[in-house]
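Okay, so here's the structure we're looking at.
Here is how names work: the chains are called A, B, and so on, in the same order as the sequence lines, proteins then strands, and each is numbered from 1.
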Amino acid sequence: MSVRVRFAPSPTGPLHIGGVRTALFNYLFAKKNNGKLILRIEDTDQTRYVEGAENYIVEALQWVGIEFDESVQKGGIYAPYRQSDRKNIYSEQINFLLKNKKAYYAFDTPEELEQMRIHLQESKTPVQHYNFITRDKMKNSFTLSDEDVKQKITSGEPYVVRFDMPANKEVIMNDLIRGEIKVNSSTLDDKILFKSDGLPTYHLANIVDDHLMEITHVIRGEEWLPSLPLHILLYDAFGWNPPEFAHLPLILKPNGKGKLSKRDGDQGGFPVFPIEWIDPSTNEKSTGYREYGYLPQAVVNMLALLGWNPGTEQEIFSISELSELFDILKVQKAGAKFDPKKTKWFNQQHLKKLDTNALAEIYNKDLKTKNIDAKFDFVAKVVDLVKDRAVFASDLWDLSNYFFIPPENYDEKAVKKFWKDDTLDIIRHLHSLFSGYNDFTSNTIENNVKVWIEQNQLSFGKVLNPLRILLVGNTIGPHLFDIIELLGKEETLKRISKGIKKFS
RNA sequence: GGCCCGGUCGUCUAACGGUUAGGACGUCAGAUUUUCAUUCUGGUAAUCGGGGUUCGAUUCCCCGUCGGGCUGCCA
């Protein structure tokens with residue numbers, strides 16, 4: 001049987017970076033096993049519907065490079081792929097469970113349920129659930145006569161359908177990552193499978209769809225582990241074979257206390273969403289990895305190694321390398337704390353691997369938004385010179401803006417440190433020296449200047465630092481003579497003259 | 001409270017039951033450099049605690065402890 005896995009997000013807001021990792025692991029697993037990856041939208045909670053969330057999910061996943069074989073957009077033979085479009089399927093399936101006494105009707109109001117919970121809490125019962133004990137005191141198929149139930153339903157009274165959770169049954173499960181897990185069903189509850197709004201809950205919908213869509217492996221977050229026994233029992237109730245399960249460890253806050261959340265990103269100054277999200281109700285904007293300047297391949301690399309590794313000492317991978325190497329059995333059991341610093345390092349590494357033209361392409365777009373129209377060749381040369389010191393593509397501007405705009409001011413500290421009484425004379429000499437050069441290439445100028453420095457018994461620092469200040473505005477940047485060559489004779493002399501005027 | 005899952009440097013992690021417990025990020029120091037950055041070299045630092053099993057436990061078992069998740073007509 002060929003592998004079929006799914007990523008099943010709920011369109012209740014932007015996709016969290018943890019969700020992206022779950023999608024990634026599904027993708028890698030599918031690729032590794034020559035299987036298919038399905039995107040299924042789980043929108044059975046209409047009260048939590050958020051405008052734009054579904055589009056966001058699709059765009060975000062596309063950005064990181066996760067492609068689906070079947071989805072709402074792409075279609076497929078198991079369509080529809082949006083749960084709100086599959087309502088009739090769930091009603092049919094819930095009737096099957098009802099008919100076979102695996103599920104039952106319940107008419108308790110939210111207030112009555114709340115009462116029950118308070119009661120159980122006060123009585124300090126060890127297991128505080130709507131279950132085989134407490135249901136005898138509630139309004140449901142067990143306590144009401146068949147006629148009453150029928151009457152209530154036909155009269156339009158709201159009802160839910162609950163799972164008839166058996167008592168004292170050892171449920172033995174297997175998880176690809178964690179191994180065997182045992183739970184006694186008496187600690188579980190009669191979960192609602194079908195809501196009074198006519199839609200299924202996640203529990204019902206995901207079992208029905210996974211079965212109908214012939215999903216072979218369910219790879220999802222660890223937060224689903226507690227409902228695994230329910231799911232197994234549901235497959236059993238339907239008489240279906242369950243797929244294999246793998247529950248991924250959670251991504252934790254950098255300090256390790258709890259799941260990573262949006263707040264952590266705001267406080268720690270790092271994104272937790274793949275791409276920018278603007279909350280439609282508050283207009284609040286959250287910057288994404290994309291807007292922050294992260295490369296998608298770096299995000300993928302970082303995410304893949306958060307909770308998994310191939311067992312070698314290699315750290316930098318492309319998504320296709322990961323697809324080759326991925327092994328679900330090697331996924332870590334413990335939650336992994338998110339490390340913003342290492343994430344930056346991953347980006348730096350991938351930025352370095354990027355070829356100059358590709359990076360220049362990105363930078364050129366950036367320049368255009370700043371209304372700077374430079375020749376591509378020139379941009380590429382600039383990029384080549386400064387790319388080693390960039391962590392983000394967005395660093396490029398800070399690193400090289402002086403190539404496009406002459407410095408307006410000179411850094412005060414740098415001036416104070418390097419501009420001495422005799423500096424102006426030296427700079428004047430350099431100006432006339434440069435004016436005489438016809439060959440304005442880095443090496444030639446460097447050799448000439450060095451000879452001149454030695455002849456006049458000056459030091460490099462004394463000459464080159466002030467010169468750098470006039471050309472760059474500060475004592476930073478790549479090899480000075482490379483800068484000079486790129487700037488060209490005319491521009492170099494212009495900047496020196498400007499400096500002479502300023503300091504005269 | 002109940003149920004479930006976890007615990008190797010600060011962080012991500014490696015280690016057929018036998019290793020001087022390895023690598024990476026970070027950090028610190030040094031080297032290189034006209035500057036900043038890069039780069040290079042080196043240092044730093046860990047098996048949660050207690051019992052077992054074993055000739056020998058990071059590794060297997062039990063207890064404790066700590067951490068996390070779940071406990072909704074949410075997913």
For this session: Check step by step if side chain to side chain donor-acceptor pair (under 3.5 Å) holds for Arg220(A) and His247(A).
Result: CA-CA 5 Å; Arg220(A) 71 221 308 191; His247(A) 290 86; 3.0 Å; yes
For this session: Quick one, give me the B/S/- string for nucleotides 70-75 of chain B, reading 5' to 3', where B means a protein heavy atom under 4.0 Å from the base and S means that only happens at the primed atoms, P, OP1 or OP2.
Result: SSSBBB
Problem set entry | Minimal non-hydrogen separation, Ala304(A) against Leu24(A), with atom names | N-CD2, 3.9 Å
Exercise. Does Lys450(A) place a side-chain N or O at less than 4.0 Å from the phosphate oxygens OP1/OP2 of U34(B)?
Worked result: no
Problem set entry | Centroid-centroid distance, Trp397(A) to Tyr402(A), less than 6.0 Å | no
Problem set entry | Partner set under salt bridge (charged side-chain N to carboxylate O under 4.0 Å, His left out) for Asp175(A), not counting sequence neighbours | none
Exercise. According to the Watson-Crick and G-U wobble definitions, with both distances under 3.5 Å, which nucleotide is paired to G67(B)?
Worked result: C5(B)
Exercise. So, do Phe434(A) and Tyr437(A) have ring centers that fall under 6.0 Å from each other?
Worked result: yes
For this session: Could you label the plane-to-plane angle of the Tyr294(A) and Phe392(A) rings as parallel, tilted or perpendicular, counting under 30° as parallel and over 60° as perpendicular?
Result: perpendicular
For this session: Give a yes or no on whether a salt bridge exists between Lys420(A) and Asp422(A), defined as a side-chain N under 4.0 angstrom from a carboxylate O.
Result: no
Exercise. By side-chain hydrogen bond (donor to acceptor under 3.5 Å, both in side chains), which residues pair with Asn301(A), not counting sequence neighbours?
Worked result: His350(A)
For this session: Grab the CG-P distance between Leu303(A) and C12(B) for me, whole Å please.
Result: 15 Å
Problem set entry | Positions of residues 462-473 of chain A (non-hydrogen atom under 4.0 Å from RNA chain B), listed by number | Leu464(A), Asn465(A), Arg468(A)
Exercise. Base, sugar-phosphate, or nothing for Leu225(A), non-hydrogen atoms under 4.0 angstrom?
Worked result: sugar-phosphate
Seminar exercise, completed: Result for 5'-nearest mapping on RNA chain B, choosing between Leu250(A) and Val183(A), is Val183(A)
Problem set entry | Residue of the set Thr134(A), Val127(A), Ile133(A) for which side-chain contact (heavy atoms from CB on, under 4.5 Å) holds with Leu120(A) | Thr134(A)
Problem set entry | salt bridge (charged side-chain N to carboxylate O under 4.0 Å, His left out) partners for Glu485(A), two or more places apart | none
Exercise. Quick one: what's the B/S/- string for nucleotides 20-25 of chain B, heavy-atom cutoff under 4.0 Å, read 5' to 3'?
Worked result: --SBBS
Exercise. Which value, in whole Å, describes the distance between the P atoms of nucleotides A21(B) and C3(B)?
Worked result: 40 Å
For this session: Give one of base, sugar-phosphate or nothing for Gly221(A), where a contact means two heavy atoms less than 4.0 Å apart.
Result: nothing
Exercise. Do you know the tightest heavy-atom contact between Gly293(A) and Ser394(A)?
Worked result: CA-OG, 4.2 Å
Exercise. At under 4.0 Å between heavy atoms, what does Gln332(A) touch on the DNA or RNA strands: base, sugar-phosphate, or nothing?
Worked result: sugar-phosphate
Problem set entry | Spacing of the C1' atoms in G6(B) and G23(B) (rounded, Å) | 23 Å
Exercise. For Pro249(A), which contact category applies under a 4.0 Å heavy-atom criterion: base, sugar-phosphate, or nothing?
Worked result: nothing
Problem set entry | Sugar-phosphate, base or nothing in reach of Lys124(A), heavy atoms under 4.0 Å | nothing
Exercise. Any side-chain N or O of Asn309(A) under 4.0 Å from OP1/OP2 of A14(B)?
Worked result: yes
